[in-house]
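Some notes on the structure that comes next.
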Amino acid sequence: MSKYIRQATSADLPAMMAIIEQGKQALAADQIPQWQDGYPLATDIQADIDAKIAWVLIVDDQIAGTAALLTTPDPNYATIYAGSWAPTKNQRYTSIHRIAIASGYHGQHLTDFFFSNLITMSYQLGFRQLRIDTHSLNQRMQHIITKAGFDYRGVVYMDHDEADQRNAYQLLLH
């Protein structure tokens with residue numbers, strides 16, 4: 001099995017959106033309200049592609065996953081509650097968002113591979129910390145995040161909406 005990641009292009013958008021829709025369905029089946037209000041839309045994913053922060057996981061020449069790796073501060077992470085970000089010399093960080101694996105690839109530990117590649121890319125770009133968040137009910141993603149080495153740091157609100165809170169995690173690289 002050949003597998004690698006590459007930057008997404010506009011031609012990848014339909015496959016990426018199909019994976020996002022599968023992710024929405026899986027979250028709904030688990031009764032997790034994350035991604036149940038329309039977001040992320042095709043326009044969100046196209047904006048990631050245009051900003052060159054969208055990545056796809058390729059397995060045997062097929063798109064098996066999608067993610068965004070932001071290299072600019074996420075406004076949702078500016079304030080953290082019930083905890084704090086670990087102090088670092090350099091406050092710059094990358095953040096992983098909108099990550100999903102196609103349903104036909106579940107159980108193959110491809111998310112671990114995808115995370116490892118995104119972490120490595122962050123390091124190569126000169127970043128020494130990564131951040132990520134997920135819904136408090138999303139046990140599957142929480143397991144994947146902590147398995148990748150991230151530490152739970154507290155709670156963040158999406159767009160300052162206290163009803164839309166997420167568990168926040170941080171990984172420091174040395």
Side-chain angles (χ1 to χ4, degrees), residues 1-72 74 76 92-135 137-150 158 166-167 169-173:
M1 170 189 318
S2 68
K3 56 186 176 181
Y4 59 93
I5 70 170
R6 67 165 170 78
Q7 202 161 52
T9 67
S10 292
D12 300 324
L13 184 62
M16 295 168 74
M17 285 312 300
I19 293 168
I20 294 289
E21 288 304 319
Q22 292 168 8
K24 289 178 180 183
Q25 292 168 8
L27 290 167
D30 289 343
Q31 298 182 346
I32 299 169
Q34 191 173 2
W35 287 10
Q36 298 306 301
D37 61 354
Y39 173 87
L41 301 166
T43 52
D44 298 311
I45 304 303
Q46 184 63 56
D48 289 347
I49 293 168
D50 294 344
K52 301 196 179 315
I53 60 169
W55 297 87
V56 287
L57 169 65
I58 306 297
V59 177
D60 292 333
D61 300 322
Q62 299 297 313
I63 296 176
T66 180
L69 182 67
L70 280 69
T71 57
T72 56
D74 184 325
N76 292 313
R92 294 177 54 230
Y93 62 89
T94 57
S95 53
I96 299 171
H97 290 292
R98 297 176 284 287
I99 188 164
I101 300 293
S103 57
Y105 293 90
H106 289 181
Q108 298 180 35
H109 305 285
L110 292 171
T111 309
D112 299 339
F113 178 81
F114 207 175
F115 264 84
S116 177
N117 277 269
L118 293 170
I119 292 166
T120 298
M121 277 191 356
S122 295
Y123 190 90
Q124 288 177 328
L125 291 170
F127 292 89
R128 296 299 178 260
Q129 70 166 306
L130 289 90
R131 297 179 182 180
I132 191 169
D133 67 81
T134 194
H135 197 279
L137 297 176
N138 195 340
Q139 298 292 319
R140 186 180 308 117
M141 184 54 74
Q142 290 174 40
H143 171 74
I144 291 166
I145 290 169
T146 56
K147 192 165 86 167
F150 286 79
M158 299 295 101
R166 301 284 189 269
N167 289 354
Y169 300 83
Q170 182 180 34
L171 173 65
L172 301 179
L173 305 174

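Given the structure is predicted, the values throughout are model-derived calculations rather than measurements.
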**OP:** Give the C-alpha distance, both sets of side-chain angles, the deciding distance and a yes or no for side chain to side chain contact (heavy atoms under 4.5 Å, CB included) between Q62 and Y105.
**Re:** CA-CA 11 Å; Q62 299 297 313; Y105 293 90; 3.4 Å; yes
**OP:** Could you pull out all residues at least two apart from F113 that satisfy side chain to side chain contact (heavy atoms under 4.5 Å, CB included)?
**Re:** K3, L57, N117
Original post:
Got a sec, which residues hit side chain to side chain contact (heavy atoms under 4.5 Å, CB included) with D37, two or more places apart in sequence or on another chain?
Top reply: Y39
Does [X] have any salt bridge (Lys or Arg N to Asp or Glu O under 4.0 Å) partners at least two apart in sequence or in another chain, and if so, which?
X    : answer
R6   : D12
D74  : none
R128 : none

Nearest atoms (heavy-atom pairs only) where [X] meets [Y]:
X    : Y    : value
L137 : Q31  : CD1-O, 3.9 Å
L171 : A148 : CD2-O, 4.2 Å
G126 : R92  : O-NH1, 3.9 Å
I49  : S10  : CG2-N, 3.6 Å
T71  : F127 : O-CZ, 3.6 Å

**OP:** Could you name each residue pair satisfying salt bridge (Lys or Arg N to Asp or Glu O under 4.0 Å) that touches residues 41-58, not counting sequence neighbours?
**Re:** D48-R98
If you round to the nearest 0.5 Å, how far is [atom2] of [Y] from [atom1] of [X]?
X    : Y    : atom1 : atom2 : result
I101 : I63  : CD1   : CD1   : 12.0 Å
F150 : D133 : CZ    : CG    : 11.0 Å
Q170 : Q129 : CD    : CD    : 4.5 Å
T134 : I96  : OG1   : CD1   : 12.0 Å
L130 : L69  : CG    : CG    : 7.0 Å
I132 : L70  : CD1   : CG    : 11.0 Å

**OP:** Could you check W55 against M121 for side chain to side chain contact (heavy atoms under 4.5 Å, CB included), going step by step and ending with a plain yes or no?
**Re:** CA-CA 11 Å; W55 297 87; M121 277 191 356; 3.3 Å; yes
With sequence neighbours left out, what residues match [X] under side chain to side chain donor-acceptor pair (under 3.5 Å)?
X    : result
D61  : none
T111 : none
R140 : D30
N167 : none

Original post:
Can you tell which of D112, L110, L118 makes a side-chain contact (heavy atoms from CB on, under 4.5 Å) with F114?
Top reply: L118
Original post:
How would you list, by chain and number, every residue that makes a ring-ring contact (aromatic ring centres under 6.0 Å, His included) with Y169, sequence neighbours excluded?
Top reply: Y152
Would you list the atom pairs, donor with acceptor, under 3.5 Å between side chains in residues 14-28 and any protein atom, with sequence neighbours excluded?
{"unit_1": "E21", "atom_1": "OE2", "unit_2": "K24", "atom_2": "NZ", "d": "3.4"}
{"unit_1": "Q22", "atom_1": "OE1", "unit_2": "S103", "atom_2": "N", "d": "2.7"}
{"unit_1": "Q22", "atom_1": "OE1", "unit_2": "S103", "atom_2": "OG", "d": "3.2"}
{"unit_1": "K24", "atom_1": "NZ", "unit_2": "G38", "atom_2": "O", "d": "2.6"}
{"unit_1": "K24", "atom_1": "NZ", "unit_2": "P40", "atom_2": "O", "d": "3.3"}

**OP:** Ignoring hydrogens and angles, tell me if any N or O in the side chain of Q46 forms a donor-acceptor pair with the backbone of L41 under 3.5 Å.
**Re:** no
Original post:
Should M1 and Q108 be marked as a side chain to side chain contact (heavy atoms under 4.5 Å, CB included) after you check the CA-CA gap, both sets of side-chain angles, and the distance that decides it?
Top reply: CA-CA 11 Å; M1 170 189 318; Q108 298 180 35; 3.5 Å; yes
